[in-house]
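Each remark here refers to the structure printed beneath this line.
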Amino acid sequence: MNAEQILFIVFGGISLVGAVSVISFRHPIYSALALIVTFFAQAGLFVLLGAHFVAAAQVIVYAGAIMVLFLFVIMLLNLGTLSASGSIVGKLKGVAIVLGLLLAAEGIYIAVNALNETAVASAQPTAAPVTTYQIGELLFSKYLLPFEVTSLILLAALIGVIVLVKRDGPDTD
Amino acid sequence: MGLEYYLILSALLFTTGVIGVLIRRNAIIIFMCIELMLNAANLAFVAISRHLGETTGQVFVFFVMTVAAAEVAIGLAIIVSVFKHRQTVNVDEVNSLKG
């Protein structure tokens with residue numbers, strides 16, 4: 001077993017345990033912390049795949065910005081635990097888990113088998129890491145239009161958030 | 001490590017997110033599960049990008065991250081305003097569009 005396999009098992013295991021913790025902790029704060037652990041483990045997986053810049057962006061954007069937003073809202077609303085008892089979901093939890101496992105089996109089946117028949121299987125894996133230069137070059141030439149559209153998405157999100165949380169009527173403060 | 005191991009891990013992470021959306025009633029945790037699913041897709045993108053020796057997959061990860069950031073901002077704003085009206089984030093109790 002070489003170093004890459006050991007690191008894959010370690011990071012993959014941590015991210016899976018973190019993901020299961022996200023959906024099993026009762027308090028949202030613990031779920032958020034488990035999600036941060038998952039994001040860090042996935043950043044490790046990105047480094048293993050030679051995607052160093054994506055790993056850095058994962059830590060900065062996801063574990064940094066997005067999770068701070070989550071924690072901020074959880075603490076702002078001061079949410080306690082919600083009991084699932086009495087709701088229809090409480091009774092159908094087993095069904096949901098069985099259907100989920102079915103979905104996982106389908107995903108694994110596709111990952112193992114269907115790839116053999118496509119061009120993906122015939123490609124030669126490359127070990128060279130992708131540099132930031134390559135990503136930037138592609139982003140500002142071939143994908144320039146999608147890149148500009150994402151700025152519009154962010155602008156729309158910004159305006160939408162302001163409209164959503166704006167206080168109605170004249171401000172009394 | 002072969003591509004299929006990364007894809008299997010990605011499928012498992014995605015499924016965890018799906019199960020979370022199905023069994024949890026807290027709107028904020030449902031949002032976290034959506035983030036999990038987006039991240040699983042990112043992992044598949046990067047793994048296939050490495051396998052094919054292409055940079056394109058990593059460029060798409062950035063688009064996914066941008067969309068995720070916008071989605072989280074909007075979604076949390078909606079949750080905050082729902083909480084202001086209803087004093088709850090339980091999606092079972094928030095079941096009508098009319099405020």
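Lettering of chains follows the sequences in order, A, B, ..., and the numbering in each one begins at 1.
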Find the one option among B:Phe14, B:Phe62, B:Phe31 whose heavy-atom pairs under 4.5 Å with chain A are most numerous. B:Phe62
State, with a plain yes or no, whether a side-chain heavy atom of A:Leu154 is found less than 4.5 Å away from one of A:Thr150. no
What option among B:Ile79, B:Ile29, B:Val67 has the most heavy-atom pairs under 4.5 Å with chain A? B:Ile29
With a 4.5 Å cut-off on heavy-atom pairs, point out which of A:Ile23, A:Leu49, A:Leu45 contacts chain B the most. A:Leu49
Contact check, side chains of B:Asn90 and B:Asn26, non-hydrogen atoms, under 4.5 Å: no
Select one option (side chain, backbone, both, neither) describing which atoms of A:Ala105 are under 4.5 Å from chain B's heavy atoms. neither
Residue A:Phe11 excluded, over 12 heavy atoms near CZ under 6.0 Å: yes
Need one label for B:Ile30: side chain, backbone, both or neither, based on atoms under 4.5 Å from any heavy atom in chain A. neither
Measure B:Ile28 against the heavy atoms of chain A and call it side chain, backbone, both or neither at under 4.5 Å. both
When you measure from the side chain of A:Gln5 to the backbone N and O of A:Asn2, does any donor-acceptor pair fall under 3.5 Å? yes
Is A:Glu137 in contact with chain B via its backbone, its side chain, both, or neither, using a 4.5 Å heavy-atom distance? neither
To the nearest 0.5 Å, tell me how far A:Ile66 CD1 sits from B:Leu76 CG. 9.5 Å
Identify which part of B:Phe60 has an atom lying under 4.5 Å from any heavy atom of chain A, answering side chain, backbone, both or neither. side chain
From the list B:Thr55, B:Ile8, B:Val21, B:Asn39, the residue making the most non-hydrogen contacts under 4.5 Å with chain A is B:Asn39
State, with a plain yes or no, whether a side-chain heavy atom of A:Ile29 is found less than 4.5 Å away from one of A:Met75. yes
Counting heavy-atom pairs under 4.5 Å with chain B, which one of A:Ser151, A:Gly160, A:Ala32 comes out on top? A:Ala32
Do the non-hydrogen side-chain atoms of A:Phe46 and B:Gln58 ever get within less than 4.5 Å of each other? no
B:Thr56 versus chain A, heavy atoms under 4.5 Å apart: side chain, backbone, both or neither? both
Chain B: which of A:Leu76, A:Leu69, A:Val165, A:Ile153 shares the most heavy-atom pairs with it under 4.5 Å? A:Leu69
How long is the gap from CZ on A:Phe70 to OH on A:Tyr62, to the nearest 0.5 Å? 10.0 Å
Taking the side chain as C-beta and beyond, is there a heavy-atom pair between B:Phe63 and A:Leu139 under 4.5 Å? yes
With a 4.5 angstrom heavy-atom cut-off, is it the side chain or the backbone of A:Leu35 that approaches chain B, or both, or neither? side chain
Where on A:Thr38 is there a heavy atom nearer than 4.5 Å to chain B: the side chain, the backbone, both, or neither? side chain
Pairwise side-chain contact, B:Glu71 with B:Glu35, heavy-atom cut-off 4.5 Å (strictly under): yes
What part of B:Val61 is in contact with chain A, defined as an atom under 4.5 angstrom from a non-hydrogen atom: side chain, backbone, both or neither? side chain
Does any heavy atom of chain B fall under 4.5 Å from the side chain of A:Phe72, the backbone, both, or neither of them? neither
Heavy-atom contact with chain A under 4.5 Å, split by part of B:Ser81: side chain
Contact leader toward chain B among A:Glu106, A:Gln58, A:Lys142, where contacts are heavy-atom pairs under 4.5 Å: A:Gln58
Considering only heavy atoms, which portion of A:Leu48 lies under 4.5 Å from any heavy atom of chain B: side chain, backbone, both, or neither? both
Interchain contact, A:Ser24 with chain B, by part (heavy-atom threshold 4.5 Å): backbone
Just so I know, are the side chains of B:Leu13 and B:Leu9 near enough to count as touching, which here means a heavy-atom distance under 4.5 Å? yes
Using side-chain heavy atoms (C-beta onward) and a distance below 4.5 Å, is B:Leu22 in contact with A:Ile97? no
Any idea which of A:Ala96, A:Gly107, A:Ala19 has the most non-hydrogen atom pairs under 4.5 angstrom with chain B? A:Ala19
Relative to chain B, which segment of A:Gln42 carries a heavy atom at a distance below 4.5 Å: side chain, backbone, both, or neither? side chain
Hey, does the side chain of B:Thr15 reach the backbone of A:Leu101 with a donor-acceptor pair shorter than 3.5 angstrom? no
